[in-house]
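First comes the structure, then the notes that go with it.
Just so it is clear, the structure is predicted and the values come from calculations on it, not from any experiment.
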Amino acid sequence: MAMTGGISEVKGFQNSIEFDDLARFAISEHNKKANANLEFGKVVNVKRQVVSGTMHYITLEAADGGQKKVYEAKVWDKPWENFKEVQEFNLVGNA
């Protein structure tokens, strides 16, 4: 059970449509802001924090010009308000 304010590991994130969609959203927003062309690969890890909504910490693989790289995205989600926002999107390194 998630504790309010605490960050917890998410088990069973592999092949999850919810987390794939959040990762794709983060990549799409990053591509718009950075005029980039990253292509989604897969979700590598997920953590979450219960705040006013949920803060998702997603480690993902994306292709940048054919080269696989690892990124960390921080996505704030409040589905009852139809609100989703990328707080951070950072390159971690090569996959």
Side-chain angles (χ1 to χ4, degrees):
M1 174 121 191
M3 178 178 71
T4 302
I7 298 173
S8 59
E9 292 282 337
V10 174
K11 295 183 183 353
F13 63 85
Q14 298 89 347
N15 301 316
S16 165
I17 293 171
E18 175 190 6
F19 298 119
D20 283 0
D21 286 349
L22 286 168
R24 289 176 192 277
F25 171 77
I27 289 170
S28 174
E29 292 297 299
H30 171 76
N31 284 344
K32 288 178 202 171
K33 289 179 183 173
N35 196 27
N37 194 26
L38 298 180
E39 295 178 23
F40 175 71
K42 66 180 181 178
V43 173
V44 177
N45 190 33
V46 179
K47 295 179 184 177
R48 74 173 80 178
Q49 178 181 24
V50 177
V51 290
S52 175
T54 305
M55 190 70 70
H56 299 276
Y57 299 85
I58 302 171
T59 305
L60 60 97
E61 259 184 32
D64 183 8
Q67 185 178 9
K68 287 184 182 178
K69 296 186 178 182
V70 178
Y71 297 86
E72 288 183 346
K74 185 175 168 183
V75 181
W76 186 15
D77 186 26
K78 295 192 275 186
W80 66 93
E81 290 183 7
N82 199 26
F83 173 87
K84 202 179 322 181
E85 180 178 272
V86 177
Q87 299 283 302
E88 295 178 16
F89 192 91
N90 299 305
L91 174 64
V92 175
N94 293 329

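Applying the side chain to side chain donor-acceptor pair (under 3.5 Å) test to residues at least two apart or on different chains, the pairs with a partner in residues 18-30 are E29-K32.
Taken together through direct or relayed side-chain contacts under 4.5 Å among Ile, Leu, Val, Met, Phe, Trp and Tyr, V46 and V50 form parts of separate hydrophobic clusters. Transitive grouping of hydrophobic side chains (ILVMFWY, heavy atoms separated by less than 4.5 Å) brings V86 and L91 into a common cluster.
The side-chain hydrogen bond (donor to acceptor under 3.5 Å, both in side chains) search around E85 returns Q87, not counting sequence neighbours.
Heavy atoms from other residues, nucleotides or ligands lying under 6.0 Å from CG of N35 number 12 at most.
Between F13 and V44, the closest heavy-atom pair is CZ-O, 2.9 Å.
For the atom pair NZ of K84 and NZ of K78, the computed distance is 14.0 Å after rounding to the nearest 0.5 Å.
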Let me have the donor-acceptor pairs involving side chains of residues 51-76, under 3.5 Å, with sequence neighbours excluded, atom names and distances please.
unit_1 : atom_1 : unit_2 : atom_2 : d
Y57    : OH     : Q49    : OE1    : 2.7
Q67    : NE2    : N94    : OD1    : 3.4
W76    : NE1    : S52    : O      : 2.9

Determine, step by step, whether I27 and E39 satisfy the side chain to side chain contact (heavy atoms under 4.5 Å, CB included) criterion, reporting the C-alpha distance in whole Å, the side-chain angles of both residues, the deciding distance to 0.1 Å, and the verdict.
CA-CA 7 Å; I27 289 170; E39 295 178 23; over 6 Å; no

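For the pair D77 and F83, the minimum side-chain heavy-atom distance is 4.5 Å or more.
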